[in-house]
Every structure is written in C-alpha cells, then in structure tokens.
J.: 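Would you mind keeping the following structure in view while I ask a few things?
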Protein chains: 2
Amino acid sequence: MRILILGGDGYLGWPTAMRFSQRGHDVHVVDNYLRRHAHEEVGTDTLVPILDSLPARADAWKDVSGKEIGVTEGDLVEWDVTADLFRDFRPDAIVHYGEMPSAPYSMRDRDHAVFTQHNNVVNTLNVLWAMREYAPDSHLVKLGTMGEYGTPNIDIEEGYLDVEHNGRKETILYPKLPGSLYHLSKVHDSNNIHFACRMWGIRATDLNQGVVYGIETDETELDDRLATRFDYDDVFGTALNRFCVQAIIGHPLTVYGKGGQTRGYLNILDTLQCVELAVTNPADRGEFRVFNQFTEQFSVTELAEIVQRAGAEHGLDVRIESIENPRLELEEHYYNAKHTKLFDLGLQPHLLSETLVESMFSVIERFKDRVITDAILPRDNWRPVAQAPAG
Amino acid sequence: MRILILGGDGYLGWPTAMRFSQRGHDVHVVDNYLRRHAHEEVGTDTLVPILDSLPARADAWKDVSGKEIGVTEGDLVEWDVTADLFRDFRPDAIVHYGEMPSAPYSMRDRDHAVFTQHNNVVNTLNVLWAMREYAPDSHLVKLGTMGEYGTPNIDIEEGYLDVEHNGRKETILYPKLPGSLYHLSKVHDSNNIHFACRMWGIRATDLNQGVVYGIETDETELDDRLATRFDYDDVFGTALNRFCVQAIIGHPLTVYGKGGQTRGYLNILDTLQCVELAVTNPADRGEFRVFNQFTEQFSVTELAEIVQRAGAEHGLDVRIESIENPRLELEEHYYNAKHTKLFDLGLQPHLLSETLVESMFSVIERFKDRVITDAILPRDNWRPVAQAPAG
C-alpha cells in the first residue's frame with residue numbers, strides 16, 4: 001500500500017514509518033519539525049539522541065534496511081504543501097500524527113492555546129479537503145486521544161452511544177469532556193472528520209489512544225541511528241516515561257494531587273500493532289470508525305508503585321511524592337473505558353510489567369547525563385491568576 | 001450595564017446595540033465589516049440600504065436618540081484588538097454575534113472552509129482569554145445556532161441530555177450533528193466555551209438560535225438611517241426572507257428538494273427580546289447555560305405556503321417550485337426541539353402570520369429595484385465533483 005505518515009518525525013511517527021517500510025509498503029513521511037522547535041522553545045530535549053533531520057533518518061534507514069522512505073519537510077497548515085503531497089503521492093492510507101501533542105503546551109497562555117487549535121484544526125481540514133479532491137477512496141487513520149472523553153460517570157464506549165429518550169432511540173457520537181485546549185483541538189478534529197465521512201463519503205478511523213510508554217521497537221533496535229525520541233519533561237513527557245527517568249536520576253516520582261487519575265495505557269509496540277491493524281482493515285466508504293486504543297487502565301498512583309517496585313528490583317531506592325496538581329482535573333473518579341474493537345481485529349497486547357520497566361531503566365541509564373533536571377517539575381499552572389479553581 | 005456587542009454592524013448586531021442603548025445601557029460595538037466584504041466578494045448586497053460605516057451609524061443614532069454608542073472598527077482574530085477592547089471597556093456582558101454566519105459560504109471550497117473555522121474559533125478563543133484576563137466576572141452571551149443539533153431522531157433538549165447507561169447516570173452535552181463546516185465552527189465554539197466555564201469559572205449563555213426573519217425593530221423604524229441589513233441571496237439569505245423577496249419580484253419560491261426540512265424560526269423582534277432576557281438574567285459563575293432560541297417550527301414547504309397565501313391577499317400570484325437541493329441534508333425527518341427556557345424568563349413571542357409577511361412585502365416593495373436577481377438561485381453544490389452523494 002501507499003502509506004503517508006503525517007508527523008513522521010515524532011515519537012510514534014518515525015517508528016510507524018519504519019514498521020510499514022519494513023513490511024514492504026511504499027511509505028512517505030512529512031513533518032515540519034514543530035515538536036523539535038517546541039522543545040527548543042521550552043528548553044527541553046529528547047533523552048535518547050535522534051538524527052538531525054528526516055532526510056538523515058531516511059538515509060540511515062536505507063543504509064540499515066535497504067528500503068526507501070520518501071520525505072517532505074513542510075507544514076500541512078499550508079494548503080499548497082498538503083495538496084502537492086496528496087496529488088503527487090496519491091496515498092491509499094494516511095496515518096495522521098501530525099499535530100501539536102501537548103496539553104500543558106496548549107494551556108500556557110493565549111498564544112499557545114490559539115496556535116494549538118489553529119495548527120491542529122486547520123491541518124486536519126486541509127487533509128480532509130485533499131482527500132476529497134485527490135484521494136477520495138483513501139483511508140484516514142487519525143490519532144485522537146482517550147483524553148477527548150474526559151472522565152464521565154458512565155462507561156466509555158468506543159465512539160458511539162445508544163440512547164433512548166422519550167420513547168425514541170438514536171445512536172449518538174459518544175459525548176466528549178476534554179480536559180485541555182489541546183484535547184479540545186482533537187475533539188474539533190473528530191467532529192470535522194465525522195462530517196467529512198457523512199457528507200463526502202470519506203473513510204476514516206479515529207484512534208482514541210491512551211498514554212503510550214516505551215522506548216524501543218523492532219526497527220529502532222536495529223541501529224542507534226534509528227532511535228525515536230523519548231520525552232520525560234513537564235510539557236511533552238507522559239506519566240510512565242517521566243516516572244522511569246525520575247527513578248533513574250534519584251528524583252521522587254511526582255504524582256499530581258491525589259493520584260487517583262485513571263487512564264488507559266499502552267506499550268509503543270502496541271501502538272504500531274494497532275495502527276497496522278487499522279490500516280490493513282480499512283473503514284468503509286462514508287464510515288467514521290472509532291477505536292479506543294489502549295490495553296490496560298491504571299491510576300497514577302498504581303503506575304508510580306509499579307515503577308517503585310521495579311526500582312527496588314533494580315537496586316534503586318524510589319520515593320513517591322504528591323505535588324500540587326497544576327491541572328484542573330478530577331483526582332478520584334469512575335473510569336471504565338471499553339477497548340475491544342482492536343482486540344477483535346487481532347491485537348496481541350504487550351502488558352506492563354516490572355520487567356518492561358526495568359528494560360526501560362537500562363536505556364535511560366545509558367543517556368542519564370542528558371537529563372535536564374529543571375524541566376521535570378510542572379512550570380505552568382492551569383488556573384487563572386487570582387481565581388479560585390472552578391467547581 | 002456595560003454591554004459589548006461583537007459583530008455590531010450585522011443584521012442582528014446593529015439593532016441589538018440600539019435596543020440596549022435605548023434602554024439606557026452603556027453600549028460599545030465592534031466589527032471588522034467581514035459581512036460587507038463577503039457580500040462584495042460574492043456579488044450580493046443588502047436589499048435595504050444601510051449607512052456606510054459603524055461611526056456613521058452611531059452618529060445617526062446619536063442624532064435621533066441623543067445617546068452614544070462606542071465604536072471599534074477591528075478584527076477580533078487579532079489578540080491586540082480583543083485585549084485592548086476588554087481592558088478599556090471592562091464589559092459586564094458581551095453579546096457575541098461576531099462570526100462568519102453562512103453555511104453555503106463555508107462550503108464553497110477549501111479556502112472558505114478554513115477561513116470560516118479559523119475566524120470563528122480563534123476570535124471566540126480570544127474573547128474567552130480576554131474575559132479570563134480582564135473581565136472574569138462578565139457574562140458571555142454567545143449566538144450559536146439550532147443547526148448545531150442537526151436533525152436527530154430524538155427530541156432536541158436545551159443543551160443537555162440525561163442518559164442512563166449500564167446502570168449509571170450522567171448528564172451530557174446534547175450531541176451535535178451539524179450540517180456544514182460553518183455549523184461545525186459553532187460546535188467547536190460551544191465546546192471551547194463549555195471548557196472555559198468548567199475550568200476558569202466563566203459565565204456563559206449559548207443561544208442556539210433558529211432562523212430569524214423580519215426587517216424592522218422599534219429602533220430601526222425611527223429613521224431610515226437606522227435600518228439594518230436585509231439579505232435574500234443564496235449565500236446569506238435565509239428561507240423566509242428570501243421567499244418574501246421572490247414573491248415581490250415574481251420569482252417562484254425556490255424550495256430545496258422535498259421541502260420537509262423542518263427548523264425553528266423567530267421574528268427579529270424576538271431575537272432582541274431573547275438577548276435582552278439572557279443579558280439581564282446572567283448565568284452563574286462557571287455555568288454554561290444553553291437556550292434554544294426560537295418560537296415556532298416550520299417545514300420549508302409550510303413557510304412557502306404561508307408566503308403564497310399572504311401573496312394572494314396582497315394581490316400577488318406566487319408559485320412554489322422545487323429545485324435540486326444543493327445541500328446534503330435530510331428532506332424528511334423527525335424534528336421536535338424544546339424551547340421553554342426563554343419563555344420561562346418571560347419571552348412574549350411575535351408569531352409568524354400572513355399579516356407579518358404582508359408588512360415585510362411593503363418594505364421589500366420599496367427597495368425592489370435593488371434586487372440582484374442572479375444571486376437568488378444556489379450557485380454552489382456541496383457534493384464533491386464526480387462523486388455520488390454520501391449515504
């Protein structure tokens with residue numbers, strides 16, 4: 001298949017590109033290095049060193065695998081970039097990771113909030129119009145997030161909810177209650193994509209992904225030059241990855257507030273599996289298909305305790321510390337999110353274990369001198385100045 | 001009260017500004033003339049002549065009423081404009097009409113789609129941040145549209161729906177199923193505003209307004225210079241207003257498709273009443289309040305028949321003609337939308353009657369030489385070229 005990877009320079013985008021290339025697909029990646037620039041802006045960096053550019057990464061991949069990955073360095077917000085890409089490459093499938101991915105970044109101030117929504121909404125609109133014009137039979141596999149749902153008091157279904165109201169029935173899009181302006185940008189995307197499916201007959205799969213952890217994939221392990229980025233900081237790092245780095249450098253694991261915040265999690269190996277399952281089993285014409293993409297649920301405290309135990313086995317004395325929550329979120333809540341559709345397609349999960357955490361420790365230890373320690377604690381508070389938190 | 005009217009040059013914005021000023025409030029209007037420029041772009045114009053600029057309109061208002069309306073000519077997408085406005089004026093209430101208001105305009109092509117969503121989403125985000133920074137206790141009265149709900153197979157409630165699922169209960173935002181990229185921009189706005197209420201304690205009322213008809217208000221009738229714009233064309237005109245113009249110029253009333261499309265409607269006099277009721281009964285801190293703002297439901301065919309009967313009384317021979325529907329929408333569907341909350345606050349409706357239609361005929365007759373006849377039939381088709389309509 002001809003597969004276009006949007007955001008192909010990112011934590012998940014680059015391993016995804018190599019995976020599909022390894023499988024013999026014709027792969028083209030595009031990225032504008034937004035993530036690299038945002039890290040420069042906030043003074044952080046990937047723990048694991050990565051090559052300087054996509055052309056350099058594609059060269060290394062060719063050197064190792066003998067296979068070619070096409071590269072476009074450009075911004076999908078610019079219509080000419082998107083249109084040329086679709087007109088020239090004519091993809092069968094589009095895997096769309098190409099968005100600003102951080103909730104804290106979007107909540108910093110007005111400029112970052114507007115940038116996030118503008119960037120994500122406009123580039124996805126461009127992709128939808130490009131599909132309509134140049135690749136009407138192609139399949140969009142869009143990375144959304146479980147964070148779109150928030151933490152409702154009822155079971156979270158996979159995309160749709162059947163309701164009965166005053167004696168009549170309807171199937172509705174599952175209601176969204178996102179917790180940041182970044183998560184809202186993904187909700188806007190989902191609504192726009194749903195519209196394109198209904199009105200233009202576009203095929204789309206919205207992957208509401210949980211929090212991804214892990215460093216290595218079959219392809220990154222082939223050569224150091226093929227490594228993917230690994231972020232642990234307050235803006236781009238996610239819970240488990242951050243905890244592992246904290247454990248190695250002797251920093252207490254920083255749990256925000258009560259630690260009862262429960263989310264879905266998955267191994268980076270399973271992200272690749274899920275995306276592959278979605279691409280090779282495309283949605284129908286006009287179908288807006290939604291999968292909840294994670295393998296297990298954990299509270300933040302449970303995660304911290306797993307890292308603590310793995311640390312003990314590894315000879316580390318790991319402490320857990322609760323700090324004031326910079327976010328506005330429920331710290332104790334009901335959470336039961338369905339996630340059966342990808343299993344039905346054949347997903348074989350790599351579940352979280354202390355052994356897996358210890359294997360992450362080994363990689364982190366190799367690069368621990370690169371840790372920027374003042375980027376670990378949260379530097380932004382989401383509450384308005386001089387206002388009490390909203391109820 | 002200090003009342004800021006965003007989009008104060010528009011069909012509803014200008015009469016709203018005069019109404020509040022007449023009542024003794026301190027009123028400031030802002031507009032970037034987007035609507036006037038969009039009309040120039042598509043070759044259409046208001047039927048009723050209006051003064052050239054907001055300062056000229058404010059001067060005429062002062063001349064007639066002795067009262068001042070403050071004016072800012074500027075674009076709310078520019079943060080400096082929005083921030084200065086809120087910092088200087090410190091509003092108690094903000095009435096937000098300041099958006100690109102046309103579904104057909106948003107569906108013309110990629111540029112118009114992206115412009116619409118960018119303009120509407122970013123200016124509303126700016127308003128929310130300006131409230132957070134400079135007027136945290138003020139109340140946002142945001143004009144949304146009944147079109148956000150679409151035509152679901154269950155009763156449409158006012159903003160929220162109680163659901164029971166697997167033995168647990170939750171109150172969710174009423175699901176949205178918008179029919180154009182313009183309507184989607186309003187859904188994005190609603191989601192962003194809901195977030196600002198939940199997270200920052202903003203007060204907001206989302207007015208999901210039906211289709212407005214009518215030409216005159218108590219204040220526009222005081223002097224020709226105080227008239228508001230009246231659009232009848234394929235891009236900015238709405239069903240009843242367009243039918244009345246067609247009746248007067250001897251054009252068949254153009255019903256799109258089967259004509260069973262049912263929507264909520266209200267008189268412009270009731271828009272002013274509803275907005276006044278919302279402003280003078282503000283939402284609580286942190287409350288996202290939703291009102292469905294219309295007084296009656298009609299199908300397009302019913303509307304056409306009312307105009308036909310009024311035409312007969314007026315000595316006009318009015319024909320009704322079904323034309324191919326340029327839109328992608330259900331032409332026969334269930335529709336039962338609740339609209340009790342504004343009545344509970346005291347709304348006294350001006351219901352549609354043949355007498356009201358005849359009074360619109362009189363105004364239209366006065367200006368019928370200004371009708372641009374080639375702007376009446378739809379010029380854009382919403383379906384992708386060379387594709388069958390989506391199911």
Side-chain angles (χ1 to χ4, degrees), chain A residues 79 83 109-111 113-114 117-118 121-122 125-126 129-130 132-133 136 152-155 157 161-166 168-170 172-181 184 187-188 191-192 194-195 197-202 285-286 328 334 336 382-391, chain B residues 79 83 109-111 113-114 117-118 121-122 125-126 129-130 132-133 136 152-155 157 161-166 168-170 172-181 184 187-188 191-192 194-195 197-202 285-286 328 334 336 382-391:
Chain A
W79 172 239
D109 54 28
R110 198 241 36 138
D111 289 0
V114 168
Q117 293 211 350
H118 170 77
V121 171
V122 173
L125 273 177
N126 280 348
W129 279 93
R132 176 187 145 128
E133 300 291 318
N153 195 38
I154 54 174
D155 294 341
E157 300 296 328
L161 183 67
D162 293 323
V163 299
E164 192 171 334
H165 180 53
N166 299 345
R168 300 179 65 89
K169 290 180 180 180
E170 182 62 290
I172 63 172
L173 279 185
Y174 195 94
K176 303 288 179 74
L177 207 62
S180 78
L181 290 163
L184 273 156
V187 172
H188 304 339
N191 286 329
N192 282 338
H194 183 229
F195 175 86
C197 293
R198 289 186 284 133
M199 295 290 169
W200 302 336
I202 297 284
R285 279 304 294 265
L328 290 157
Y334 181 74
N336 184 31
W382 295 13
R383 292 173 179 81
V385 178
Q387 269 186 247
Chain B
W79 172 238
D109 54 28
R110 200 243 32 143
D111 289 0
V114 168
Q117 293 210 351
H118 170 79
V121 171
V122 173
L125 273 177
N126 280 348
W129 279 93
R132 176 188 145 127
E133 301 290 319
N153 194 38
I154 53 174
D155 294 342
E157 301 296 326
L161 182 66
D162 294 323
V163 299
E164 193 171 332
H165 179 53
N166 298 345
R168 300 179 65 89
K169 290 181 181 181
E170 182 63 288
I172 62 172
L173 279 185
Y174 194 93
K176 302 287 179 76
L177 207 61
S180 78
L181 289 163
L184 272 156
V187 172
H188 304 339
N191 287 328
N192 282 338
H194 184 228
F195 175 86
C197 294
R198 290 185 285 134
M199 294 289 170
W200 302 335
I202 297 285
R285 278 307 290 265
L328 289 157
Y334 181 75
N336 184 31
W382 295 14
R383 291 172 179 82
V385 178
Q387 268 186 246

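Just so we're on the same page: letters track the sequence lines, and every chain starts at 1.
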J.: Which of the residues A:Pro178, A:Ala83, A:Pro152 is involved in the greatest number of heavy-atom pairs with chain B at under 4.5 angstrom?
T.: A:Pro178
J.: Testing the basics here: between B:Pro384 and A:Met199, what is the closest heavy-atom pair and its distance to 0.1 Å?
T.: CD-O, 4.4 Å
J.: Quick one: CZ on A:Arg168 to CG on B:Asp155, what's the gap to the nearest 0.5 Å?
T.: 7.5 Å
J.: Given that the side chain runs from C-beta out, which part of A:Val114 has a heavy atom under 4.5 Å from chain B: side chain, backbone, both or neither?
T.: both
J.: Minimum heavy-atom separation for B:Ala113 to A:Leu125, with atom names?
T.: O-CD1, 4.4 Å
J.: Please determine, among B:Ile154, B:Val163, B:Asp162, the option with the most heavy-atom pairs under 4.5 Å with chain A.
T.: B:Ile154
J.: By a 4.5 Å heavy-atom criterion (distance strictly below it), what part of A:His118 contacts chain B: side chain, backbone, both, or neither?
T.: side chain
J.: For a quick test of reading the model, state the closest non-hydrogen atom pair linking A:Arg132 to B:Arg383 and the distance between them.
T.: NH2-O, 3.8 Å
J.: Would you indicate whether the side-chain heavy atoms of B:Val122 and A:Gln117 approach each other to under 4.5 Å?
T.: no
J.: Can you list everything that forms a side chain to side chain contact (heavy atoms under 4.5 Å, CB included) with A:Asp111? Sequence neighbours excluded, please.
T.: A:Asp109
J.: Among B:Glu133, B:Glu164, B:Glu170, which residue has the highest count of heavy-atom pairs closer than 4.5 Å to chain A?
T.: B:Glu170
J.: For the candidates A:Leu181, A:Asn191, A:Val187, which exhibits the highest count of non-hydrogen atom pairs separated by less than 4.5 Å from chain B?
T.: A:Leu181
J.: Identify, with sequence neighbours excluded, every residue that meets side-chain hydrogen bond (donor to acceptor under 3.5 Å, both in side chains) alongside B:Glu157.
T.: A:His165, B:Lys338
J.: Which heavy atom of B:Trp200 sits nearest a heavy atom of A:Trp382, and at what distance?
T.: NE1-O, 3.8 Å
J.: Under a 4.5 Å cutoff for heavy-atom pairs, which residue among B:Asn336, B:Leu173, B:Asn192, B:Asn166 has the most contacts with chain A?
T.: B:Asn192
J.: At a heavy-atom separation under 4.5 Å, does A:Leu161 approach chain B through its side chain, its backbone, both, or neither?
T.: side chain
